[in-house]
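Notes to accompany the following structure.
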Amino acid sequence: MPRSLASIFPFLDWPRPTPQLLRGELWAGMTVGLMLLPQGVAYAALAGMPLITGIYASIIPALVAVLFSGSPRLGVGPTALSALLIGASLSGMAEPGSAQWVQLAAWMAILAGLLQWGLGLVRAGWLLNLVTSPVLTGFTQAAALLILASQLPTLLGLHSSWTAVWHTPSWQHFDGHSIAYGAASIALLSLAKRWRPAFPSAIVIIALTGCISWATGFADEGGQVVGHLPSGMPHFQAPGWLEWEAFTALVMPVLVIALVSFLETASSAQVEHQQAGTRWNENQDLIAQGVSKISAGLFGSFATSASFSRSAVNLLAGAKTGYANLFAIALVIVVVLWFIPALYHVPQSALAAIVITAVVNLIKPRAILYLFKLSRIEGGIAVATLLLTLLTAPRMYWGVLAGIVLSLGYFLYQRLHPRIIEVAPHPDGSLRDRHLWQLPPIAPGVLALRMDAALDFASASALEHRISDALAGRSDIRVLYLAAQPVNRIDVTGVEMFMRLRLSLQKQGIALHIGGMKLPVERILSRAGALVPSPDLVLYRTDAQALSTLQHTPPSPNSPVPPERARD
């Protein structure tokens, strides 16, 4: 198969199916398929969508994703985090479950898909680095808390509002039967997870609670159940055009959904490729997730993503290829065609229990404490992202954006304040911080500095000020030695600063010695005419060569220049 064609359609590289391979893939596919059904319905409710759309999201979009993805074992479909973002973003724009709500959700999926698809085509997967671990940690914790809060009314069978409960506390606001179904479902799901993580316990809970609900007439007594769901396969239905104001209102949610959903994909894909010993192609998965979302919007569903839990179960069940996901999709199709009426009596509190048990593992206070252990600033960014996400709900995307801005600000602050130290020979032979290790200077009259950063617009001013401050009042300094090994890049601002430094040192009668300058940096400085041979400029290939010269015969500005150093 031509490599160019297989790079567009990764499924062409799948191994040829054999009976032995398909038997293992069938078991893994059935396991994931049985998880997809209850989770799809539950996450559709979380997104405020008609419940059947959660199952629709598990067919066409999942099929498109597995065929185009370079990580074919990912469990793509509805996820709790994406569903929450959809429900929160559309809050106040339409009535949940209405035709307008569905239309807006479809456009969110299409626009987010187009964005991901376009980024994949231009090989812009590096943009993932904008969302740092502290931002993702804080946002995930907040999202999990918001998901739990959104499911409590359904879990408790709340008939009124929390305001009514606050003003007139009474058990009559709640449905005892719903509480019983929800509590029992959570207990059984937790036990099943400890017993066998790969076991599709959610579908067992759905079947068990549905049978009990039907036998006891829960729906006839006014209990909250799934109700009627339409049978049949999803069909193409392009959403109607929105007004310009509606499109502009979707811009921020679309950006965040595209970013956060792909971070979900990244976390699962990296585990898959690490296990397989292969390299992850993030750009191909961006394309796959993009076309999956586009197909979701065009087939009456909502934005999909890669589920970490279903992907993990797929791997745990022994899936080797994308055939496992094809079997999972086939199972969902069978249910949609013939068994949808069986979901009628399933209590909605059981669906809420499935969502709660799926997201409770996202709440990890120790992860934030660990960040504080490594860096108080980055721990603070995680906490700020968490709090802002909670405070800005339902417009929770502001929490993500604020976290990204804080991370970029911290990054820029570090670049503007690089580590610049005075160095001296350590007994182990290296150059280390002279003041930290209480070391004597290289030689009398020699000031040795090292900047651990590129010499560019962000760091040039800091280095210039540091040298100026170090030389102030030091009339004994005759040589400034720059350990340039860490400097791997220089820009125009850095070149200009270097030329000003040479001129300033010449006026003060101080020679400039540089050790370990990298060839790319030297070439740029040479093109700028900043390395013109002169008695006051000495280049060394290594720090060791510089130390040998400076410690034994420290040159003065009028000393002859040693032979030109060997090139890198």
Give the intermediate values and the outcome of side chain to side chain contact (heavy atoms under 4.5 Å, CB included) for residues H513 and V446.
CA-CA 10 Å; H513 291 222; V446 176; over 6 Å; no
How about S307 and T79: does a side-chain donor come under 3.5 Å of a side-chain acceptor?
no
Do side-chain atoms of E25 reach the backbone of K320 as a donor and acceptor pair under 3.5 angstrom?
yes
Applying side chain to side chain donor-acceptor pair (under 3.5 Å), can you list everything that pairs with Q414, at least two apart in sequence or on another chain?
Y410
After noting the C-alpha distance and the side-chain angles of I363 and Q141, does the key distance pass the side chain to side chain contact (heavy atoms under 4.5 Å, CB included) rule?
CA-CA 5 Å; I363 303 176; Q141 308 282 318; 4.2 Å; yes
Within the structure provided, determine whether T321 and R73 are in side-chain contact (heavy-atom separation under 4.5 Å).
no
Knowing that exactly one of S305, S261, S301 qualifies, which makes a side-chain hydrogen bond (donor to acceptor under 3.5 Å, both in side chains) with K293?
S261
Can you list every pair that meets salt bridge (Lys or Arg N to Asp or Glu O under 4.0 Å) and has a residue in residues 430-445, with sequence neighbours left out?
E422-R434, D428-R432
Contact list for residues 381-403, test side-chain hydrogen bond (donor to acceptor under 3.5 Å, both in side chains), sequence neighbours left out
none
Is any side-chain heavy atom of W14 closer than 4.5 Å to a side-chain heavy atom of L326?
yes
Test item: S534 side-chain N/O and L537 main-chain N/O as donor-acceptor pair under 3.5 Å
no
Keeping the roles fixed (side chain from K518, backbone from Q485), state whether a donor-acceptor pair exists under 3.5 Å.
yes
Under a 4.5 Å cut-off applied to non-hydrogen side-chain atoms, are L85 and V260 in contact?
yes
Is there a donor-acceptor pair under 3.5 Å between the side chain of D543 and the backbone N or O of A483?
no
Is there side-chain contact between L298 and P239, with at least one heavy-atom pair below 4.5 Å?
yes
Non-neighbouring partners of S504 that pass side chain to side chain donor-acceptor pair (under 3.5 Å), sequence neighbours left out
Q508
I'd like to check the side chain to side chain donor-acceptor pair (under 3.5 Å) partners of S375; sequence neighbours left out, ordered by chain and number.
none
Before you tell me yes or no, could you show the steps for M252 and L401 under side chain to side chain contact (heavy atoms under 4.5 Å, CB included), namely the whole-Å CA-CA distance, both residues' side-chain angles and the distance that decides it to 0.1 Å?
CA-CA 9 Å; M252 295 304 297; L401 297 177; 2.4 Å; yes
For the pair S459 (side chain) and A454 (backbone), establish whether a donor and an acceptor sit closer than 3.5 Å, ignoring hydrogens and angles.
yes
Sequence neighbours left out, what pairs pass side-chain hydrogen bond (donor to acceptor under 3.5 Å, both in side chains) with at least one residue falling in residues 246-259?
none
If we only count heavy atoms from C-beta on, is the R478 to P444 side-chain gap below 4.5 Å?
no
Set of residues satisfying side chain to side chain donor-acceptor pair (under 3.5 Å) with respect to W280, sequence neighbours excluded
D285
Donor-acceptor check, side chain of S91 to backbone of G87, threshold 3.5 angstrom: yes or no?
no
Just so I know, are the side chains of L463 and P418 near enough to count as touching, which here means a heavy-atom distance under 4.5 Å?
no
Tested for side chain to side chain contact (heavy atoms under 4.5 Å, CB included) against I467, the lone hit among L512, L447, L501, I510 is L501
S295 side, atom OG; I60 side, atom CD1 - distance, nearest 0.5 Å:
7.0 Å
Using atom types as modelled and distance alone, determine if a side-chain donor or acceptor of Y481 lies under 3.5 Å from a backbone N or O of V423.
no
Side chains of I524 and R527: does their closest heavy-atom pair fall under 4.5 Å?
yes
Any pair counted as ring-ring contact (aromatic ring centres under 6.0 Å, His included), so long as it reaches residues 64-90, sequence neighbours left out:
F9-F68
Using every non-hydrogen atom in the two residues, find where P425 and L439 come nearest and quote the distance to one decimal.
O-CD1, 3.7 Å
Grab the two heavy atoms, one from V495 and one from L525, that are nearest each other, plus how far apart they are.
CG2-CD2, 4.0 Å
Show the nearest heavy-atom pair for residues L104 and A246, with the distance to one decimal.
CD2-CB, 4.3 Å
Apply side chain to side chain contact (heavy atoms under 4.5 Å, CB included) to V383 and F372, showing your working.
CA-CA 10 Å; V383 172; F372 273 105; 3.6 Å; yes
Between the side chain of Q289 and the main-chain N/O of T265, is any donor-acceptor distance below 3.5 Å?
no
Give every residue pair that meets the ring-ring contact (aromatic ring centres under 6.0 Å, His included) criterion with at least one member in residues 432-478, sequence neighbours excluded.
H426-W437
Residue pairs passing the salt bridge (Lys or Arg N to Asp or Glu O under 4.0 Å) test with at least one member in residues 454-469, sequence neighbours excluded, are R415-D456, D456-R489, E464-R500
Identify the heavy atoms of A367 and T137 that sit nearest to each other, and give their distance.
CB-CG2, 4.0 Å
May I have all residue pairs that pass ring-ring contact (aromatic ring centres under 6.0 Å, His included) and include part of residues 106-144, sequence neighbours excluded?
W107-W241, W107-F247
For S292 and V64 the tightest heavy-atom approach is N-CG1, 4.0 Å
State, to 0.1 Å, how close A303 and I86 come at their nearest heavy-atom pair, and which atoms those are.
N-CD1, 3.8 Å
Heavy-atom side-chain contact between V76 and V66 under 4.5 Å
no
Could you work out, with salt bridge (charged side-chain N to carboxylate O under 4.0 Å, His left out) as the rule, every residue matching R474, not counting sequence neighbours?
D476
Look only at the side chain of Q116 and the backbone of A258, and say whether a donor-acceptor pair between them is shorter than 3.5 Å.
yes
